[in-house]
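A short worksheet on the structure shown next.
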Amino acid sequence: MSLSHDAVYKLVRRIPAGRVATYGQIAALTGFPRHARQVGYALAALRGGDDDVPWHRVVNAGGRVSPRAEPGYEDYQRILLEAEGVEFDEQGRLSLARFQWRPEAA
DNA sequence: AGTTTGACGCTCC
DNA sequence: CGGAGCGCCAAAC
């Protein structure tokens, strides 16, 4: 048993607009605490056309948009988040304390 | 089957 | 606070 892409997508879809989650958080929620990277892979497997999954609401533990090979993608993700009300500081960082998604304990 | 490669994360410096 | 190093885990070579 391992972290499936499907499990990741299902969880990411639950992140409400204006909130973000970290790779490690998603991994932990799926029951695989050390699989943060795998979460990244799952999202990478998405084509750009998959607006079904709000991949942009997933950032790294530092509250920063994870750098990707393609130039401009960080900005793109940031734009999407700002459009939802997430604020970034001068360092291109957001406050996890304020915007991190907390799954309902139900 | 061994090595390389990452949308990560934490510790050290 | 910025950068480097190392651990992690699955997938691609």
Side-chain angles (χ1 to χ4, degrees):
Chain A
M1 186 62 178
S2 62
L3 205 177
S4 69
H5 286 188
D6 213 42
V8 173
Y9 302 152
K10 202 189 278 188
L11 207 44
V12 172
R13 271 190 282 256
R14 290 175 49 192
I15 306 174
R19 292 288 180 72
V20 300
T22 66
Y23 296 94
Q25 178 185 5
I26 296 298
L29 287 173
T30 55
F32 297 88
R34 300 292 174 286
H35 295 227
R37 294 188 109 142
Q38 241 42 289
V39 173
Y41 285 131
L43 296 181
L46 292 169
R47 304 336 136 19
D50 254 314
D51 33 281
D52 188 22
V53 180
W55 57 271
H56 56 280
R57 304 202 187 128
V58 184
V59 299
N60 60 36
R64 286 176 166 295
V65 172
S66 210
R68 200 166 175 256
E70 332 232 348
Y73 253 90
E74 304 173 20
D75 294 324
Y76 178 46
Q77 179 169 0
R78 172 169 167 172
I79 299 301
L80 290 174
L81 288 175
E82 290 184 317
E84 298 182 344
V86 177
E87 300 164 27
F88 288 77
D89 61 21
E90 308 303 310
Q91 308 172 62
R93 212 180 54 193
L94 61 84
S95 168
L96 286 177
R98 290 175 53 193
F99 301 109
Q100 181 166 41
W101 170 54
R102 288 161 229 190
E104 302 172 20

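Chain naming here is simple, since letters A, B, ... match the order of the sequence lines and numbering starts at 1 in each.
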Under 4.0 Å between any heavy atoms, over every strand shown, what does A:A44 touch: base, sugar-phosphate, or nothing? Just pick one. base
Base, sugar-phosphate, or nothing: which does A:R34 touch, judged by heavy atoms less than 4.0 Å apart?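 Sugar-phosphate contact only - A:R34 comes under 4.0 Å of backbone atoms but never of a base.
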Using whole Å, what does the distance between atom [atom2] of nucleotide [N] and atom [atom1] of [X] come to?
{"X": "A:R93", "N": "C:dC1", "atom1": "CZ", "atom2": "C1'", "value": "10 Å"}
{"X": "A:I26", "N": "C:dC8", "atom1": "CD1", "atom2": "P", "value": "22 Å"}
{"X": "A:F32", "N": "C:dA11", "atom1": "CZ", "atom2": "P", "value": "11 Å"}
{"X": "A:Q38", "N": "B:dT5", "atom1": "CD", "atom2": "C1'", "value": "11 Å"}
{"X": "A:H5", "N": "C:dA11", "atom1": "NE2", "atom2": "C1'", "value": "9 Å"}
{"X": "A:R64", "N": "C:dG3", "atom1": "CZ", "atom2": "P", "value": "10 Å"}
{"X": "A:D75", "N": "B:dA7", "atom1": "CG", "atom2": "P", "value": "17 Å"}
{"X": "A:Q91", "N": "C:dC1", "atom1": "CD", "atom2": "C1'", "value": "8 Å"}

Which atom of A:A36 lies closest to which atom of A:Y23, heavy atoms considered: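 For A:A36 and A:Y23, the tightest heavy-atom pair comes out as O-CB, 3.8 Å.
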Which atom names give the shortest non-hydrogen contact between A:Y73 and A:R68, and what distance separates them? CB-CB, 4.4 Å
Would the base of C:dC9 count as contacting A:R37 through its side chain, where contact means a donor and an acceptor less than 3.5 Å apart?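 No, no donor-acceptor pair under 3.5 Å.
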Among C:dA10, B:dA7, B:dG9, the one nearest A:Q77 by side-chain distance: B:dA7
Is the shortest side-chain heavy-atom distance between A:R57 and A:F99 below 4.5 Å?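 A:R57 does not reach A:F99 side chain to side chain.
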Quick check: do A:H56 and A:R78 have side-chain heavy atoms less than 4.5 Å from each other?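 A side-chain contact under 4.5 Å is absent here.
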